[in-house]
Every structure is written in structure tokens, then in C-alpha cells.
Amino acid sequence: MKVVYSYWDTGNGLKKPGNWFNSRLMLSSMIISVLNSHKHYGRVEIVTDSCSKLWIEKLGLPFESIKTDLDELDKYDKNSWALGKIKAYSIQKEPFIHVDLDVILFEALSDKLVSNELYVQNFEPFDIDTYSKTYVPYIELLAKNGKDLPIGFHDRKHALNLGIYGCNNLDFNQIFCDSVFTFINNNENYFKTCVPLDKLCVVWEQYFCAVIADKMGLSIGTVIDPNYKLATESGYTHLLIDKYNEKVANNFNEHIKTTYPEYYESINELLKLKDTKLS
């Protein structure tokens with residue numbers, strides 16, 4: 001199986017990466033995640049932009065390829081940050097699993113899980129208040145003012161957390177990705193005038209995925225339950241809001257220093273350069 005990562009620079013390069021406490025934590029998480037995925041599956045690639053490729057190559061991780069298809073996203077608002085993932089999904093020509101940079105697979109996923117047409121982190125049912133508050137107000141906004149919404153958009157049952165996105169049904173994958181880009185192309189300019197675009201990412205990424213998969217009748221497997229029980233037991237870690245936590249950043253730094261000293265030195269060298277040509 002091929003494991004795919006993606007990185008679209010929506011911040012300011014390594015000076016200040018978007019959605020992370022600092023560059024060192026992002027790089028540390030990337031190293032731990034990629035090395036574990038490579039240990040389990042043997043094949044890892046990353047899809048990125050040309051500028052980011054410069055520092056990714058210097059990190060020295062065992063990617064079989066570093067693709068720069070995310071250069072094609074230059075025309076989009078970078079607050080639509082999840083587009084990098086969708087673009088990475090869209091170019092795949094064989095069954096794959098996309099793993100977020102803040103997700104670590106300390107154990108390989110079970111054969112039963114990866115036999116599904118689609119497998120993800122967990123369902124996010126809207127009868128749980130936390131998920132309802134995250135999605136429903138924006139679903140209602142899009143239902144009222146959006147164009148080119150996918151069939152099933154008004155069902156409002158659940159979303160899917162795509163910390164991992166494993167797909168064996170490539171027809172579904174293409175329909176899903178095309179649906180997202182059609183929506184973005186025809187709606188982004190309007191919605192950026194009335195709502196922060198980053199708030200809509202979970203809708204067109206994780207809710208679109210759910211409604212299209214449901215309408216196509218896909219078999220869907222999940223790593224953990226909606227309340228995040230058994231995450232540790234399954235060897236699965238998703239940092240989520242801990243990406244902004246200084247203590248977590250320090251712990252990851254120490255882990256890299258003691259477990260992967262050669263990559264610790266690579267990080268140090270990269271961060272020396274971050275204010276120059278790699279930023």
C-alpha cells in the first residue's frame with residue numbers, strides 16, 4: 001500500500017507554518033509520522049508545492065517521490081487550507097492512504113479495516129453536540145447560499161474525520177475530489193465575503209466525503225469511535241489541538257533528539273536556514 005502525505009504552505013514557510021505551535025513541532029511530527037508509515041508499508045510519497053519541496057528534500061525522509069502538484073493551487077485562497085489534501089487525493093491512480101502530518105500510526109492498520117472501500121479516523125455524528133456545533137451552522141449557510149452542492153447534502157447525519165483517508169474505490173475518490181473543486185470554484189469568492197473560509201473546510205472536506213460515500217453505498221471502516229476511545233490501544237495518535245501546545249512541542253523535540261538524532265540534526269540545519277532561501 002502507498003501512504004500519501006501532503007503539505008501546502010498556507011503560512012509563511014518555515015518561519016511560521018500554518019496551524020502549528022512552531023516549525024520544530026511540525027517537522028518533528030512529520031518525521032515520526034513518515035518513519036512509522038514507512039516501517040509499516042514501505043512506500044511513502046508527499047505532494048507539496050515547489051517552494052516547500054526545497055526543505056522537504058533537505059529533511060532526508062524516505063519518500064519515494066516528492067510531487068509538486070500543489071503549485072496548481074496558487075489561484076485559491078490559502079484559508080481554504082484543506083485543498084492541499086484534496087488535490088493530493090485527486091492525483092492518485094491506485095488504492096492509497098493519506099495520513100495527516102499530525103497523525104502517527106505507531107501500529108499498522110488492521111487487514112479488516114483496510115479492506116473497506118473507504119476507511120477514516122472516525123464518524124462525527126451530529127447527534128453529538130460538539131460535532132453538531134462544528135458543522136450544522138455552516139451546512140445551513142451553504143444550503144441557503146451555496147451552489148453545486150453534492151447530492152445528499154441536506155441529509156445532515158454525520159461527517160467523517162479525515163485524519164486518515166484510505167481509499168480503495170477510486171471512482172468515489174474522483175467524484176469526491178471533483179465535487180470539492182467544483183464547489184470551491186463556484187463559491188469561494190462569495191463566501192470569503194461573509195465567513196472565514198477556514199471554517200468551511202471541514203464541511204467541504206469531511207461532510208462532502210460523508211454524504212457522497214453514503215449515497216454511493218460505500219463500506220466505511222473507522223479506526224476509533226466518535227468519542228475517541230481506544231485511540232491509544234489501536235496505536236493511533238492524532239495531535240489535533242495539541243499542535244498548538246508548547247509542552248507537546250517540547251516532548252516531541254526530546255523524542256526526536258533521543259530516538260532519531262540524525263533527523264534532529266537535520267531539523268537544526270533547516271531551522272538555521274528558515275530565514276533565508278527556505279522561507
Side-chain angles (χ1 to χ4, degrees), residues 1-9 26-50 52-73 82-121 160-174 176-177 205 209 213 218-224 231 234-239 252 255-256 259-260 262-263 266-267 270:
M1 181 192 303
K2 180 169 71 171
V3 182
V4 178
Y5 289 85
S6 60
Y7 179 81
W8 184 31
D9 180 11
M26 183 190 74
L27 294 170
S28 297
S29 182
M30 176 188 287
I31 288 167
I32 297 169
S33 181
V34 170
L35 292 180
N36 275 277
S37 293
H38 185 262
K39 178 177 69 174
H40 301 319
Y41 300 109
R43 298 180 62 201
V44 289
E45 77 170 30
I46 190 166
V47 185
T48 187
D49 53 80
S50 294
S52 300
K53 181 181 179 181
L54 296 174
W55 62 259
I56 291 172
E57 287 178 328
K58 291 181 180 297
L59 203 54
L61 286 165
F63 293 117
E64 69 175 29
S65 63
I66 302 175
K67 298 179 178 179
T68 56
D69 293 72
L70 302 196
D71 286 345
E72 298 174 20
L73 301 181
L83 277 181
K85 296 171 61 174
I86 304 299
K87 181 63 178 180
Y89 303 165
S90 74
I91 66 173
Q92 302 306 315
K93 304 301 182 185
E94 62 182 290
F96 67 99
I97 174 175
H98 181 281
V99 178
D100 284 359
L101 292 178
D102 64 336
V103 168
I104 302 168
L105 304 178
F106 286 108
E107 298 176 12
L109 301 171
S110 71
D111 291 341
K112 180 180 179 180
L113 176 66
V114 302
S115 67
N116 286 282
E117 292 175 280
L118 177 67
Y119 50 100
V120 299
Q121 178 176 299
L160 298 171
N161 187 300
L162 302 187
I164 63 164
Y165 172 84
C167 191
N168 292 311
N169 187 322
L170 296 181
D171 289 336
F172 160 78
N173 183 64
Q174 200 60 57
F176 166 43
C177 295
E205 180 197 6
C209 183
L218 266 62
S219 62
I220 304 173
T222 61
V223 181
I224 57 177
S234 66
Y236 183 89
T237 295
H238 192 175
L239 291 181
F252 267 61
H255 181 70
I256 292 291
T259 308
Y260 306 109
E262 69 279 17
Y263 286 105
S266 294
I267 290 174
L270 273 180

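When all heavy atoms of A213 and I220 are compared, the closest pair comes out as CB-CD1, 3.9 Å. Shown here for V44 and P62, the closest heavy-atom pair between the two residues is CG2-O, 3.1 Å. In plain terms, the two heavy atoms of K67 and S65 that are nearest each other are CE-OG, 3.8 Å. When all heavy atoms are compared, the tightest approach of I267 to S28 is CD1-OG, 3.8 Å. Nearest heavy atom pair, residue L70 against residue G84, reads CD2-O, 3.7 Å.
Atom OH of Y263 and atom CD1 of I31 lie 7.5 Å apart (nearest 0.5 Å). To the nearest 0.5 angstrom, L270 atom CG is 6.0 Å from L27 atom CG. In this structure, L105 CG and H238 NE2 are separated by 11.0 Å, a value rounded to the nearest 0.5 Å. Taken to the nearest 0.5 Å, the CD atom of E205 stands 3.5 Å off from the NZ atom of K85. Atom CD1 of I256 is separated from atom CE of M30 by 11.5 Å, given to the nearest 0.5 angstrom. To the nearest 0.5 Å, atoms CD (Q174) and SG (C167) are separated by 10.0 Å.
At least one donor-acceptor pair under 3.5 Å links the side chain of N161 to the backbone N or O of G163. Checking side-chain atoms of N168 against main-chain N and O of N116 turns up a donor-acceptor pair under 3.5 Å. Checked by atom type and distance alone, the side chain of S37 never pairs as donor or acceptor with a backbone atom of V34 at under 3.5 Å. In this structure, the side chain of S115 engages the main chain of K112 through a donor-acceptor pair within 3.5 Å.
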Discussion item. Using side chain to side chain contact (heavy atoms under 4.5 Å, CB included), reason through K87 and S90 one step at a time and then give a plain yes or no.
Written reply: CA-CA 5 Å; K87 181 63 178 180; S90 74; 3.7 Å; yes
Discussion item. Apply side chain to side chain contact (heavy atoms under 4.5 Å, CB included) to residues E45 and Q92 and explain how you reach the verdict.
Written reply: CA-CA 11 Å; E45 77 170 30; Q92 302 306 315; 3.2 Å; yes
Fill in: Stepwise side chain to side chain contact (heavy atoms under 4.5 Å, CB included) test for Y5 and V47
CA-CA 6 Å; Y5 289 85; V47 185; over 6 Å; no
Worksheet item: Does the pair D102 and T237 meet the rule for a side chain to side chain contact (heavy atoms under 4.5 Å, CB included), with working shown?
Response: CA-CA 8 Å; D102 64 336; T237 295; over 6 Å; no
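Using a 4.5 Å heavy-atom cutoff, the side chains of H255 and Y260 are in contact. Y41 is listed as a side-chain neighbour of L109, based on a closest heavy-atom distance under 4.5 Å.
With respect to Y119, the side chain to side chain contact (heavy atoms under 4.5 Å, CB included) criterion is satisfied by exactly one of V223, I97, T222, L218: I97.
Taking Y89 as the reference, H98, Y165 meet the ring-ring contact (aromatic ring centres under 6.0 Å, His included) condition, with sequence neighbours excluded. For Y7, the ring-ring contact (aromatic ring centres under 6.0 Å, His included) test picks out W55, with sequence neighbours left out.
Between the side chains of S52 and D9, no donor-acceptor pair is found at a separation under 3.5 Å.
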